[in-house]
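Here's the structure, in C-alpha coordinates; my notes come after.
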Amino acid sequence: MLISTLCILSAFCHAQEVDSMRSVSLDSVVVSARRNTSGMAQRADGMLVWKMQNLLDMPKILGNADPIHFAQMLPGIQTNTEFRCGINIEGCDNTHNVVEIGGVPVYNASHLLGLFSVFNASHYQTMNVAKTPLSAANAARIGGTLSFEPFYVAPDSTQGEASVGLISSQATVRTRLGSRTHCTFSLRASYLNLLYSRWLRADDNNINYFFYDANLTLVHRFSDTDALAFDAYAGTDNAKIMASNYLATMKAQWGNVMGALHWLHDNGSFHMRHTVYATAYSNRFRLEMQDMKAKLPSAIADVGYRADPSVFVHYDNNRGIRLRVGYFLRHQYMYLTGFSDAGLPSNFWMPADADNRPQWAHGATLGGSLSTADRRWQLSADLFYRRLYNQTEYAGNILDVVATNYDLNSTLLRGNGENYGASVMLQKSSGRLTGWMSYTYTRARRTFSQGTTRGTYPASHERPHELNVVAAYNPWRHFGFGATLVWASGTPFTAPVSVNMLNGNIVAKYGKHNANRYADYVRLDLSANYKWTSRKGTEHGFNLSVCNATAHKNELFYRLRISTKNEYAYRPMFFVLPVMPSVSYYCKF
(Lines give C-alpha, C1' and ligand atoms only; values in the text may rest on other atoms or scores of the structure.)
Protein backbone atom coordinates (compact mmCIF):
# COMPACT_ATOMS: atom_id res chain seq x y z
CA MET A 1 0.00 0.00 0.00
CA LEU A 2 2.05 2.90 -1.29
CA ILE A 3 1.16 6.55 -1.59
CA SER A 4 3.71 8.93 -3.05
CA THR A 5 3.84 12.39 -1.51
CA LEU A 6 5.51 15.21 -3.48
CA CYS A 7 6.58 18.35 -1.66
CA ILE A 8 7.53 21.42 -3.74
CA LEU A 9 9.53 24.24 -2.18
CA SER A 10 9.70 27.34 -4.33
CA ALA A 11 12.61 29.69 -3.75
CA PHE A 12 15.07 31.98 -5.55
CA CYS A 13 18.53 30.57 -4.85
CA HIS A 14 22.09 31.58 -5.80
CA ALA A 15 25.01 29.23 -6.36
CA GLN A 16 28.38 31.06 -6.19
CA GLU A 17 31.74 30.00 -7.52
CA VAL A 18 34.53 31.29 -5.29
CA ASP A 19 37.20 31.69 -7.96
CA SER A 20 35.17 33.59 -10.52
CA MET A 21 32.41 35.10 -8.37
CA ARG A 22 29.86 34.13 -11.04
CA SER A 23 26.32 33.28 -9.92
CA VAL A 24 23.73 30.88 -11.31
CA SER A 25 20.02 31.51 -10.67
CA LEU A 26 17.65 28.61 -9.88
CA ASP A 27 13.93 29.20 -10.34
CA SER A 28 12.87 26.51 -7.89
CA VAL A 29 13.98 23.53 -5.86
CA VAL A 30 11.87 20.37 -5.90
CA VAL A 31 12.16 18.02 -2.93
CA SER A 32 10.36 14.69 -3.34
CA ALA A 33 9.88 11.86 -0.87
CA ARG A 34 8.05 8.56 -0.71
CA ARG A 35 6.01 7.60 2.29
CA ASN A 36 4.26 4.27 2.71
CA THR A 37 0.88 4.76 4.34
CA SER A 38 -1.99 2.45 5.20
CA GLY A 39 -5.11 2.71 3.07
CA MET A 40 -7.44 2.12 6.04
CA ALA A 41 -8.31 4.77 8.63
CA GLN A 42 -10.77 4.99 11.53
CA ARG A 43 -12.85 8.12 12.01
CA ALA A 44 -13.72 9.61 15.38
CA ASP A 45 -17.24 8.11 15.20
CA GLY A 46 -15.81 4.60 14.69
CA MET A 47 -16.44 4.33 10.93
CA LEU A 48 -13.69 2.50 9.04
CA VAL A 49 -12.66 4.05 5.70
CA TRP A 50 -10.56 2.11 3.19
CA LYS A 51 -9.12 3.65 0.01
CA MET A 52 -9.81 1.27 -2.85
CA GLN A 53 -6.57 2.05 -4.72
CA ASN A 54 -4.62 0.16 -2.06
CA LEU A 55 -6.17 -3.17 -3.05
CA LEU A 56 -3.73 -3.35 -5.99
CA ASP A 57 -0.95 -4.44 -3.62
CA MET A 58 -2.99 -7.04 -1.72
CA PRO A 59 -3.33 -10.81 -2.30
CA LYS A 60 -5.88 -11.73 -4.94
CA ILE A 61 -8.27 -14.68 -5.20
CA LEU A 62 -8.25 -15.98 -8.78
CA GLY A 63 -6.66 -12.69 -9.89
CA ASN A 64 -9.16 -10.42 -8.15
CA ALA A 65 -8.80 -8.49 -4.87
CA ASP A 66 -12.42 -8.30 -3.79
CA PRO A 67 -13.25 -5.46 -1.37
CA ILE A 68 -15.87 -7.42 0.59
CA HIS A 69 -13.33 -10.15 1.37
CA PHE A 70 -11.09 -7.50 2.90
CA ALA A 71 -14.04 -5.94 4.73
CA GLN A 72 -14.54 -9.35 6.37
CA MET A 73 -11.03 -9.04 7.83
CA LEU A 74 -11.89 -5.92 9.82
CA PRO A 75 -12.59 -6.18 13.57
CA GLY A 76 -16.19 -7.03 14.46
CA ILE A 77 -16.92 -8.54 11.02
CA GLN A 78 -17.00 -12.29 10.49
CA THR A 79 -15.26 -14.23 7.73
CA ASN A 80 -17.21 -16.41 5.31
CA THR A 81 -15.96 -19.57 3.62
CA GLU A 82 -15.35 -19.80 -0.13
CA PHE A 83 -18.90 -20.88 -1.02
CA ARG A 84 -20.73 -18.49 1.29
CA CYS A 85 -21.60 -14.88 0.54
CA GLY A 86 -22.68 -11.79 2.38
CA ILE A 87 -21.29 -10.02 5.40
CA ASN A 88 -21.95 -10.54 9.12
CA ILE A 89 -21.34 -7.47 11.29
CA GLU A 90 -21.24 -7.78 15.10
CA GLY A 91 -23.18 -11.04 15.09
CA CYS A 92 -25.92 -9.86 12.71
CA ASP A 93 -27.29 -11.98 9.88
CA ASN A 94 -26.40 -10.97 6.34
CA THR A 95 -29.94 -9.68 5.84
CA HIS A 96 -29.60 -7.28 8.80
CA ASN A 97 -26.79 -5.29 7.15
CA VAL A 98 -27.19 -2.91 4.22
CA VAL A 99 -24.73 -2.81 1.31
CA GLU A 100 -24.81 0.42 -0.70
CA ILE A 101 -23.47 2.28 -3.71
CA GLY A 102 -23.43 5.98 -2.91
CA GLY A 103 -26.14 5.51 -0.29
CA VAL A 104 -28.42 3.34 -2.49
CA PRO A 105 -29.00 -0.28 -1.38
CA VAL A 106 -27.95 -3.29 -3.47
CA TYR A 107 -29.95 -6.41 -2.60
CA ASN A 108 -27.64 -9.17 -3.80
CA ALA A 109 -23.99 -8.20 -3.79
CA SER A 110 -22.39 -11.53 -4.68
CA HIS A 111 -20.95 -13.28 -7.72
CA LEU A 112 -19.53 -16.78 -8.19
CA LEU A 113 -20.79 -18.64 -5.13
CA GLY A 114 -19.55 -15.88 -2.83
CA LEU A 115 -15.97 -15.71 -4.19
CA PHE A 116 -16.58 -12.27 -5.74
CA SER A 117 -18.84 -9.34 -4.97
CA VAL A 118 -20.52 -7.06 -7.52
CA PHE A 119 -18.11 -4.23 -6.69
CA ASN A 120 -15.39 -3.36 -9.18
CA ALA A 121 -12.92 -1.76 -6.76
CA SER A 122 -11.34 0.56 -9.35
CA HIS A 123 -14.66 2.43 -9.84
CA TYR A 124 -14.87 3.51 -6.19
CA GLN A 125 -12.81 5.92 -4.15
CA THR A 126 -13.49 4.46 -0.70
CA MET A 127 -15.26 1.64 1.10
CA ASN A 128 -16.88 2.80 4.36
CA VAL A 129 -17.87 0.40 7.14
CA ALA A 130 -20.17 1.48 9.98
CA LYS A 131 -20.48 -1.48 12.34
CA THR A 132 -23.30 0.10 14.33
CA PRO A 133 -26.05 2.53 13.21
CA LEU A 134 -24.63 6.04 13.24
CA SER A 135 -27.74 7.91 12.09
CA ALA A 136 -31.28 7.45 10.82
CA ALA A 137 -30.04 7.19 7.22
CA ASN A 138 -30.66 3.43 7.06
CA ALA A 139 -33.61 3.18 9.36
CA ALA A 140 -34.93 0.01 7.67
CA ARG A 141 -32.04 -2.25 8.86
CA ILE A 142 -31.04 -3.38 12.34
CA GLY A 143 -27.38 -4.09 11.51
CA GLY A 144 -24.38 -2.24 10.11
CA THR A 145 -23.63 -0.51 6.80
CA LEU A 146 -21.10 -1.23 4.06
CA SER A 147 -21.04 1.69 1.61
CA PHE A 148 -19.00 2.21 -1.57
CA GLU A 149 -18.40 5.83 -2.58
CA PRO A 150 -17.67 6.60 -6.28
CA PHE A 151 -15.31 9.36 -7.40
CA TYR A 152 -17.27 12.61 -7.13
CA VAL A 153 -14.17 14.82 -7.47
CA ALA A 154 -13.03 15.73 -11.00
CA PRO A 155 -9.66 14.37 -12.20
CA ASP A 156 -6.98 16.79 -13.36
CA SER A 157 -6.74 14.89 -16.64
CA THR A 158 -7.99 11.67 -18.22
CA GLN A 159 -7.10 8.75 -15.96
CA GLY A 160 -7.68 5.05 -16.24
CA GLU A 161 -6.92 1.63 -14.91
CA ALA A 162 -7.15 -1.80 -16.52
CA SER A 163 -6.31 -5.27 -15.25
CA VAL A 164 -6.26 -8.68 -16.86
CA GLY A 165 -6.48 -11.90 -14.85
CA LEU A 166 -7.05 -15.57 -15.45
CA ILE A 167 -10.73 -15.40 -14.52
CA SER A 168 -11.87 -11.87 -15.37
CA SER A 169 -10.75 -8.53 -16.79
CA GLN A 170 -11.82 -5.03 -15.91
CA ALA A 171 -11.24 -1.44 -16.97
CA THR A 172 -12.07 2.00 -15.55
CA VAL A 173 -11.76 5.41 -17.23
CA ARG A 174 -12.14 8.80 -15.53
CA THR A 175 -12.26 11.84 -17.80
CA ARG A 176 -13.46 15.43 -18.03
CA LEU A 177 -16.36 16.25 -20.36
CA GLY A 178 -15.92 19.98 -19.93
CA SER A 179 -14.68 22.49 -17.41
CA ARG A 180 -17.34 21.50 -14.83
CA THR A 181 -18.39 17.97 -15.89
CA HIS A 182 -16.61 14.64 -15.56
CA CYS A 183 -17.52 10.96 -15.66
CA THR A 184 -16.22 7.57 -14.53
CA PHE A 185 -17.06 4.41 -16.48
CA SER A 186 -16.15 0.83 -15.50
CA LEU A 187 -16.72 -2.57 -17.03
CA ARG A 188 -15.82 -6.06 -15.76
CA ALA A 189 -16.50 -9.47 -17.29
CA SER A 190 -15.58 -13.05 -16.44
CA TYR A 191 -14.46 -15.98 -18.58
CA LEU A 192 -13.61 -18.47 -15.86
CA ASN A 193 -14.81 -21.58 -17.68
CA LEU A 194 -12.04 -21.13 -20.26
CA LEU A 195 -9.29 -21.94 -17.74
CA TYR A 196 -10.97 -22.90 -14.49
CA SER A 197 -13.64 -25.38 -15.58
CA ARG A 198 -11.93 -28.17 -13.62
CA TRP A 199 -11.67 -25.97 -10.55
CA LEU A 200 -15.39 -25.24 -10.63
CA ARG A 201 -16.18 -28.68 -9.34
CA ALA A 202 -17.39 -29.55 -5.87
CA ASP A 203 -17.71 -33.28 -5.40
CA ASP A 204 -19.68 -34.48 -8.47
CA ASN A 205 -21.13 -31.09 -9.34
CA ASN A 206 -20.09 -29.28 -12.55
CA ILE A 207 -20.60 -25.53 -12.91
CA ASN A 208 -20.85 -23.30 -15.98
CA TYR A 209 -20.76 -19.67 -15.02
CA PHE A 210 -20.50 -16.12 -16.39
CA PHE A 211 -20.99 -12.63 -14.94
CA TYR A 212 -20.46 -8.97 -15.83
CA ASP A 213 -20.62 -5.59 -14.03
CA ALA A 214 -21.02 -2.10 -15.52
CA ASN A 215 -20.81 1.21 -13.62
CA LEU A 216 -21.30 4.84 -14.65
CA THR A 217 -20.86 7.97 -12.53
CA LEU A 218 -21.55 11.38 -14.13
CA VAL A 219 -20.93 14.60 -12.16
CA HIS A 220 -21.63 18.24 -13.02
CA ARG A 221 -20.37 20.86 -10.59
CA PHE A 222 -22.36 24.11 -10.38
CA SER A 223 -20.02 25.76 -7.87
CA ASP A 224 -17.19 24.94 -5.50
CA THR A 225 -19.71 23.64 -2.94
CA ASP A 226 -22.57 22.17 -5.03
CA ALA A 227 -22.73 19.37 -7.59
CA LEU A 228 -25.25 17.11 -9.31
CA ALA A 229 -24.22 13.45 -9.67
CA PHE A 230 -25.77 10.48 -11.45
CA ASP A 231 -24.83 6.89 -10.49
CA ALA A 232 -25.84 3.75 -12.39
CA TYR A 233 -24.98 0.07 -12.00
CA ALA A 234 -26.05 -3.08 -13.83
CA GLY A 235 -24.83 -6.63 -13.39
CA THR A 236 -25.95 -10.09 -14.49
CA ASP A 237 -25.01 -13.66 -13.54
CA ASN A 238 -25.70 -16.85 -15.49
CA ALA A 239 -25.07 -20.22 -13.87
CA LYS A 240 -25.74 -23.85 -14.68
CA ILE A 241 -24.99 -26.55 -12.14
CA MET A 242 -25.15 -30.24 -13.00
CA ALA A 243 -25.48 -32.45 -9.90
CA SER A 244 -24.87 -35.98 -11.18
CA ASN A 245 -25.60 -37.61 -7.80
CA TYR A 246 -29.17 -36.33 -7.94
CA LEU A 247 -29.57 -36.44 -11.75
CA ALA A 248 -30.48 -32.78 -11.41
CA THR A 249 -29.67 -29.59 -13.27
CA MET A 250 -30.04 -26.16 -11.70
CA LYS A 251 -30.17 -23.10 -13.96
CA ALA A 252 -30.16 -19.54 -12.68
CA GLN A 253 -30.00 -16.02 -14.01
CA TRP A 254 -29.94 -13.12 -11.60
CA GLY A 255 -28.79 -9.54 -11.42
CA ASN A 256 -29.07 -6.00 -10.09
CA VAL A 257 -29.87 -2.67 -11.70
CA MET A 258 -29.58 0.67 -9.93
CA GLY A 259 -29.86 4.35 -10.78
CA ALA A 260 -29.58 7.42 -8.51
CA LEU A 261 -29.50 11.20 -8.83
CA HIS A 262 -27.67 13.10 -6.05
CA TRP A 263 -27.43 16.73 -5.11
CA LEU A 264 -24.18 17.13 -3.16
CA HIS A 265 -23.32 20.11 -0.98
CA ASP A 266 -20.09 20.38 0.99
CA ASN A 267 -18.50 23.54 2.39
CA GLY A 268 -16.00 21.83 4.67
CA SER A 269 -17.92 21.81 7.94
CA PHE A 270 -21.43 21.15 6.65
CA HIS A 271 -22.27 18.26 4.34
CA MET A 272 -25.65 17.51 2.74
CA ARG A 273 -26.81 14.94 0.19
CA HIS A 274 -30.26 14.62 -1.37
CA THR A 275 -30.84 11.41 -3.37
CA VAL A 276 -33.64 10.13 -5.57
CA TYR A 277 -33.07 6.49 -6.50
CA ALA A 278 -34.45 3.27 -7.95
CA THR A 279 -32.85 -0.13 -7.36
CA ALA A 280 -34.04 -3.64 -8.21
CA TYR A 281 -32.91 -7.25 -7.98
CA SER A 282 -34.48 -10.26 -9.70
CA ASN A 283 -33.68 -13.88 -10.35
CA ARG A 284 -34.99 -16.84 -12.30
CA PHE A 285 -34.11 -20.11 -10.61
CA ARG A 286 -35.04 -23.45 -12.21
CA LEU A 287 -34.54 -27.03 -11.02
CA GLU A 288 -34.85 -29.89 -13.48
CA MET A 289 -34.79 -33.58 -12.49
CA GLN A 290 -35.71 -36.78 -14.27
CA ASP A 291 -39.43 -36.65 -13.54
CA MET A 292 -40.12 -33.08 -12.54
CA LYS A 293 -39.33 -29.40 -13.06
CA ALA A 294 -39.57 -26.53 -10.58
CA LYS A 295 -39.23 -22.75 -10.80
CA LEU A 296 -38.52 -20.30 -8.03
CA PRO A 297 -38.62 -16.70 -9.34
CA SER A 298 -38.01 -13.82 -6.96
CA ALA A 299 -37.64 -10.05 -7.26
CA ILE A 300 -37.49 -6.90 -5.17
CA ALA A 301 -37.70 -3.26 -6.26
CA ASP A 302 -37.04 -0.15 -4.18
CA VAL A 303 -37.79 3.45 -5.18
CA GLY A 304 -37.21 6.27 -2.76
CA TYR A 305 -35.84 9.60 -1.63
CA ARG A 306 -33.14 10.08 0.96
CA ALA A 307 -31.70 13.18 2.63
CA ASP A 308 -28.52 13.17 4.72
CA PRO A 309 -27.57 16.53 6.24
CA SER A 310 -24.80 16.39 8.82
CA VAL A 311 -22.60 18.74 10.83
CA PHE A 312 -19.18 17.55 11.99
CA VAL A 313 -17.83 18.80 15.30
CA HIS A 314 -14.57 17.13 16.24
CA TYR A 315 -12.33 17.74 19.23
CA ASP A 316 -8.82 16.32 19.35
CA ASN A 317 -6.63 16.94 22.37
CA ASN A 318 -3.53 15.99 20.34
CA ARG A 319 -2.85 13.17 22.78
CA GLY A 320 -4.34 10.53 20.50
CA ILE A 321 -7.21 9.47 22.81
CA ARG A 322 -10.77 9.06 21.48
CA LEU A 323 -13.85 7.65 23.20
CA ARG A 324 -17.32 6.93 21.83
CA VAL A 325 -20.55 5.53 23.21
CA GLY A 326 -23.89 4.92 21.51
CA TYR A 327 -27.37 3.46 21.80
CA PHE A 328 -29.82 2.65 18.98
CA LEU A 329 -33.34 1.32 18.39
CA ARG A 330 -34.15 0.03 14.88
CA HIS A 331 -36.97 -1.76 13.02
CA GLN A 332 -36.71 -3.84 9.84
CA TYR A 333 -39.78 -4.52 7.69
CA MET A 334 -38.38 -7.19 5.37
CA TYR A 335 -36.39 -10.35 5.74
CA LEU A 336 -34.35 -12.74 3.63
CA THR A 337 -35.02 -16.45 3.64
CA GLY A 338 -34.25 -19.43 1.45
CA PHE A 339 -32.26 -22.61 1.10
CA SER A 340 -28.61 -21.61 1.00
CA ASP A 341 -26.22 -18.69 1.42
CA ALA A 342 -23.86 -20.04 -1.26
CA GLY A 343 -24.20 -17.05 -3.56
CA LEU A 344 -26.89 -18.62 -5.74
CA PRO A 345 -30.33 -16.97 -6.06
CA SER A 346 -32.06 -19.61 -3.95
CA ASN A 347 -32.79 -16.96 -1.32
CA PHE A 348 -35.53 -14.37 -1.66
CA TRP A 349 -36.66 -11.20 0.07
CA MET A 350 -40.10 -11.08 1.68
CA PRO A 351 -42.01 -8.27 3.42
CA ALA A 352 -43.18 -8.43 7.00
CA ASP A 353 -46.80 -9.52 7.39
CA ALA A 354 -49.23 -10.97 9.92
CA ASP A 355 -47.30 -14.27 10.06
CA ASN A 356 -43.84 -12.68 10.11
CA ARG A 357 -43.81 -9.63 12.31
CA PRO A 358 -41.30 -6.82 11.65
CA GLN A 359 -37.87 -7.41 13.12
CA TRP A 360 -36.57 -4.92 15.63
CA ALA A 361 -33.52 -4.53 17.80
CA HIS A 362 -31.92 -2.23 20.29
CA GLY A 363 -28.33 -2.18 21.38
CA ALA A 364 -25.40 -0.29 22.82
CA THR A 365 -21.76 0.18 21.86
CA LEU A 366 -18.69 1.42 23.71
CA GLY A 367 -15.38 2.02 21.99
CA GLY A 368 -12.21 4.00 21.94
CA SER A 369 -8.79 4.35 20.39
CA LEU A 370 -5.29 5.40 21.40
CA SER A 371 -2.75 6.74 18.90
CA THR A 372 0.92 7.55 19.22
CA ALA A 373 2.05 11.13 18.83
CA ASP A 374 3.07 10.64 15.18
CA ARG A 375 -0.14 8.66 14.41
CA ARG A 376 1.98 5.75 13.19
CA TRP A 377 0.44 3.23 15.59
CA GLN A 378 -3.17 3.02 16.74
CA LEU A 379 -4.83 0.68 19.23
CA SER A 380 -8.63 0.51 19.21
CA ALA A 381 -11.25 -1.59 21.01
CA ASP A 382 -15.04 -1.98 20.93
CA LEU A 383 -17.74 -3.64 23.05
CA PHE A 384 -21.20 -4.31 21.60
CA TYR A 385 -24.57 -5.75 22.61
CA ARG A 386 -27.75 -6.22 20.56
CA ARG A 387 -31.13 -7.62 21.57
CA LEU A 388 -33.09 -8.85 18.54
CA TYR A 389 -36.79 -9.68 18.20
CA ASN A 390 -38.93 -11.53 15.61
CA GLN A 391 -36.02 -13.38 14.01
CA THR A 392 -36.58 -16.05 11.32
CA GLU A 393 -34.46 -18.95 10.09
CA TYR A 394 -35.14 -21.41 7.28
CA ALA A 395 -35.17 -25.03 8.49
CA GLY A 396 -35.83 -26.91 5.21
CA ASN A 397 -33.88 -27.66 2.03
CA ILE A 398 -34.19 -26.91 -1.67
CA LEU A 399 -36.02 -30.16 -2.47
CA ASP A 400 -38.93 -29.17 -0.20
CA VAL A 401 -40.43 -27.08 -3.01
CA VAL A 402 -41.24 -30.18 -5.09
CA ALA A 403 -43.63 -31.45 -2.42
CA THR A 404 -47.30 -30.93 -3.24
CA ASN A 405 -48.06 -29.75 0.30
CA TYR A 406 -45.15 -27.32 0.51
CA ASP A 407 -45.81 -24.36 2.80
CA LEU A 408 -43.11 -21.75 3.34
CA ASN A 409 -44.36 -20.72 6.78
CA SER A 410 -44.09 -24.29 8.04
CA THR A 411 -40.35 -24.33 7.24
CA LEU A 412 -39.50 -21.13 9.12
CA LEU A 413 -38.26 -21.01 12.69
CA ARG A 414 -39.29 -17.89 14.59
CA GLY A 415 -37.88 -16.44 17.76
CA ASN A 416 -35.66 -13.82 19.36
CA GLY A 417 -31.95 -13.44 19.79
CA GLU A 418 -28.99 -11.52 21.13
CA ASN A 419 -25.52 -10.61 19.88
CA TYR A 420 -22.65 -9.60 22.12
CA GLY A 421 -18.90 -9.47 21.96
CA ALA A 422 -15.75 -7.40 21.74
CA SER A 423 -13.00 -6.59 19.25
CA VAL A 424 -9.50 -5.14 19.45
CA MET A 425 -7.24 -3.94 16.64
CA LEU A 426 -3.60 -2.84 16.47
CA GLN A 427 -2.84 -0.88 13.30
CA LYS A 428 0.45 0.40 11.84
CA SER A 429 -0.33 3.30 9.51
CA SER A 430 3.01 4.27 7.96
CA GLY A 431 6.44 2.94 7.15
CA ARG A 432 7.63 0.16 4.87
CA LEU A 433 5.44 -2.31 6.74
CA THR A 434 1.76 -1.32 7.14
CA GLY A 435 -1.40 -3.19 8.08
CA TRP A 436 -3.25 -4.39 11.12
CA MET A 437 -3.91 -7.31 13.44
CA SER A 438 -7.36 -7.77 14.99
CA TYR A 439 -9.15 -10.22 17.24
CA THR A 440 -12.93 -10.47 17.55
CA TYR A 441 -15.03 -12.41 20.06
CA THR A 442 -18.68 -12.77 19.01
CA ARG A 443 -21.71 -14.63 20.31
CA ALA A 444 -24.90 -14.69 18.23
CA ARG A 445 -27.68 -16.65 19.94
CA ARG A 446 -31.19 -17.40 18.70
CA THR A 447 -34.08 -18.71 20.85
CA PHE A 448 -36.94 -20.62 19.18
CA SER A 449 -40.16 -21.92 20.73
CA GLN A 450 -41.54 -24.35 18.12
CA GLY A 451 -41.67 -28.13 18.45
CA THR A 452 -38.37 -30.00 18.41
CA THR A 453 -36.34 -26.80 17.99
CA ARG A 454 -37.51 -25.32 21.25
CA GLY A 455 -34.48 -23.80 23.01
CA THR A 456 -31.52 -21.47 22.51
CA TYR A 457 -28.95 -22.15 19.80
CA PRO A 458 -25.98 -20.45 18.13
CA ALA A 459 -26.90 -18.67 14.88
CA SER A 460 -25.76 -20.44 11.73
CA HIS A 461 -23.10 -17.79 11.01
CA GLU A 462 -21.65 -17.53 14.54
CA ARG A 463 -17.85 -17.65 14.85
CA PRO A 464 -16.92 -17.14 18.53
CA HIS A 465 -13.24 -16.44 17.87
CA GLU A 466 -11.54 -14.82 14.90
CA LEU A 467 -8.01 -13.55 14.32
CA ASN A 468 -7.13 -11.50 11.22
CA VAL A 469 -3.76 -10.18 10.05
CA VAL A 470 -3.35 -7.91 7.01
CA ALA A 471 0.12 -6.71 6.02
CA ALA A 472 1.79 -4.92 3.11
CA TYR A 473 5.59 -4.66 2.92
CA ASN A 474 7.28 -2.33 0.41
CA PRO A 475 11.06 -2.68 0.86
CA TRP A 476 12.02 -1.30 -2.55
CA ARG A 477 10.66 1.05 -5.17
CA HIS A 478 9.54 -1.62 -7.64
CA PHE A 479 8.78 -4.57 -5.39
CA GLY A 480 6.11 -5.09 -2.75
CA PHE A 481 4.64 -7.99 -0.84
CA GLY A 482 1.28 -8.62 0.79
CA ALA A 483 -0.17 -11.20 3.13
CA THR A 484 -3.45 -11.92 4.88
CA LEU A 485 -4.08 -14.53 7.56
CA VAL A 486 -7.46 -15.69 8.85
CA TRP A 487 -8.00 -18.06 11.75
CA ALA A 488 -11.61 -18.44 12.87
CA SER A 489 -13.87 -20.83 14.74
CA GLY A 490 -16.06 -23.06 12.60
CA THR A 491 -19.73 -22.19 12.11
CA PRO A 492 -22.54 -24.36 13.55
CA PHE A 493 -24.56 -26.95 11.66
CA THR A 494 -27.16 -29.64 12.40
CA ALA A 495 -25.88 -33.20 11.96
CA PRO A 496 -27.95 -36.37 11.47
CA VAL A 497 -27.94 -38.95 14.27
CA SER A 498 -29.31 -41.81 12.15
CA VAL A 499 -29.95 -42.57 8.48
CA ASN A 500 -32.23 -45.24 6.99
CA MET A 501 -33.23 -46.33 3.50
CA LEU A 502 -36.97 -46.39 2.82
CA ASN A 503 -38.15 -47.51 -0.66
CA GLY A 504 -34.79 -46.49 -2.07
CA ASN A 505 -34.93 -43.03 -0.48
CA ILE A 506 -32.81 -41.61 2.34
CA VAL A 507 -34.66 -40.86 5.56
CA ALA A 508 -32.42 -38.99 8.00
CA LYS A 509 -33.10 -38.13 11.61
CA TYR A 510 -31.31 -34.99 12.71
CA GLY A 511 -29.98 -34.14 16.13
CA LYS A 512 -30.15 -30.92 18.08
CA HIS A 513 -30.32 -27.78 15.97
CA ASN A 514 -26.84 -26.28 15.30
CA ALA A 515 -25.26 -28.51 17.94
CA ASN A 516 -22.20 -29.30 15.79
CA ARG A 517 -19.45 -27.10 14.35
CA TYR A 518 -17.23 -27.24 11.32
CA ALA A 519 -13.50 -27.40 11.89
CA ASP A 520 -11.63 -24.13 12.39
CA TYR A 521 -11.26 -22.02 9.27
CA VAL A 522 -7.62 -21.19 8.42
CA ARG A 523 -6.36 -19.40 5.31
CA LEU A 524 -3.05 -17.73 4.49
CA ASP A 525 -2.91 -15.68 1.27
CA LEU A 526 0.38 -14.33 -0.12
CA SER A 527 1.21 -11.95 -2.96
CA ALA A 528 4.26 -10.45 -4.67
CA ASN A 529 4.00 -7.28 -6.75
CA TYR A 530 6.32 -5.77 -9.30
CA LYS A 531 5.54 -2.30 -10.64
CA TRP A 532 7.22 0.24 -12.86
CA THR A 533 6.46 3.55 -14.57
CA SER A 534 6.99 4.09 -18.29
CA ARG A 535 8.48 7.22 -19.82
CA LYS A 536 4.96 8.42 -20.64
CA GLY A 537 4.00 8.25 -16.96
CA THR A 538 1.88 5.08 -17.18
CA GLU A 539 2.18 2.78 -14.16
CA HIS A 540 2.34 -0.96 -14.86
CA GLY A 541 2.36 -3.88 -12.50
CA PHE A 542 2.18 -7.65 -12.13
CA ASN A 543 0.63 -9.39 -9.15
CA LEU A 544 1.39 -13.03 -8.29
CA SER A 545 -0.90 -14.39 -5.57
CA VAL A 546 -1.39 -17.69 -3.81
CA CYS A 547 -4.70 -18.19 -2.02
CA ASN A 548 -4.59 -20.66 0.89
CA ALA A 549 -0.83 -21.05 0.62
CA THR A 550 -0.72 -23.66 3.42
CA ALA A 551 -3.25 -25.88 1.56
CA HIS A 552 -5.43 -26.07 4.66
CA LYS A 553 -8.61 -28.05 3.98
CA ASN A 554 -11.50 -25.82 5.03
CA GLU A 555 -14.82 -27.59 5.30
CA LEU A 556 -17.57 -26.10 3.14
CA PHE A 557 -20.47 -28.22 4.38
CA TYR A 558 -21.39 -31.82 5.19
CA ARG A 559 -23.47 -34.09 3.00
CA LEU A 560 -24.75 -37.65 2.80
CA ARG A 561 -23.23 -39.74 0.04
CA ILE A 562 -24.76 -42.96 -1.30
CA SER A 563 -22.71 -45.59 -3.12
CA THR A 564 -23.98 -47.96 -5.82
CA LYS A 565 -24.24 -50.60 -3.08
CA ASN A 566 -26.66 -48.39 -1.12
CA GLU A 567 -23.97 -47.66 1.44
CA TYR A 568 -24.01 -44.16 2.82
CA ALA A 569 -21.51 -41.91 4.57
CA TYR A 570 -21.75 -38.49 6.18
CA ARG A 571 -18.67 -36.54 5.13
CA PRO A 572 -17.46 -32.95 4.74
CA MET A 573 -17.03 -31.33 1.33
CA PHE A 574 -14.01 -29.23 0.41
CA PHE A 575 -13.13 -26.83 -2.37
CA VAL A 576 -11.78 -28.89 -5.27
CA LEU A 577 -8.25 -27.38 -5.17
CA PRO A 578 -7.03 -26.24 -1.73
CA VAL A 579 -4.33 -23.96 -3.22
CA MET A 580 -5.33 -21.35 -5.81
CA PRO A 581 -2.44 -19.51 -7.54
CA SER A 582 -3.15 -16.64 -9.90
CA VAL A 583 -1.35 -13.93 -11.84
CA SER A 584 -2.70 -10.61 -13.07
CA TYR A 585 -1.45 -7.53 -14.91
CA TYR A 586 -2.62 -3.95 -14.49
CA CYS A 587 -1.84 -0.52 -15.86
CA LYS A 588 -2.78 2.96 -14.63
CA PHE A 589 -2.57 6.13 -16.70
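Sequential numbering from 1 along the given sequence is applied to the chain's residues.
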**R306 side chain to G103 backbone, donor-acceptor under 3.5 Å** = yes

Q | Ring geometry between F222 and H220 (parallel below 30°, tilted from 30 to 60°, perpendicular above 60°) | A | perpendicular

State whether a side-chain donor-acceptor pair under 3.5 Å links N529 with Y586. no

- May I ask you to decide if the ring planes of H362 and Y327 are parallel, tilted or perpendicular, using 30° and 60° as cut-offs? tilted

Residues at least two apart in sequence or cross-chain that pass side chain to side chain contact (heavy atoms under 4.5 Å, CB included) with R357, listed by chain then number, are N390

| Would you call R445 and E462 a salt bridge, taking side-chain N to carboxylate O under 4.0 Å as the test? | yes

* Any salt bridge between R141 and E100, counting N to O under 4.0 Å? -> no

Of N356, D93, T95, the one forming a side-chain hydrogen bond (donor to acceptor under 3.5 Å, both in side chains) with Y335 is N356

Checking H96, R386, Q78, K131 against E90 for side-chain hydrogen bond (donor to acceptor under 3.5 Å, both in side chains), the one that qualifies is R386

task = Please lay out, stage by stage, how H265 and R273 fare under the test side-chain contact (heavy atoms from CB on, under 4.5 Å).
result = CA-CA 6 Å; H265 175 84; R273 175 187 294 184; over 6 Å; no

Margin query: When you measure from the centre of the six-membered ring of Y441, is the NZ or CZ of R443 closer than 6.0 Å and no more than 45° off the axis?
Written below: no

Are the side chain of N97 and the backbone N or O of G144 linked by a donor-acceptor pair below 3.5 Å? yes

(message) Tell me if a side-chain donor or acceptor on R446 pairs with a main-chain N or O of N416 at a distance below 3.5 Å.
(response) no

message: Under 3.5 Å, is there a donor on one side chain and an acceptor on the other for H111 and D213?
response: yes

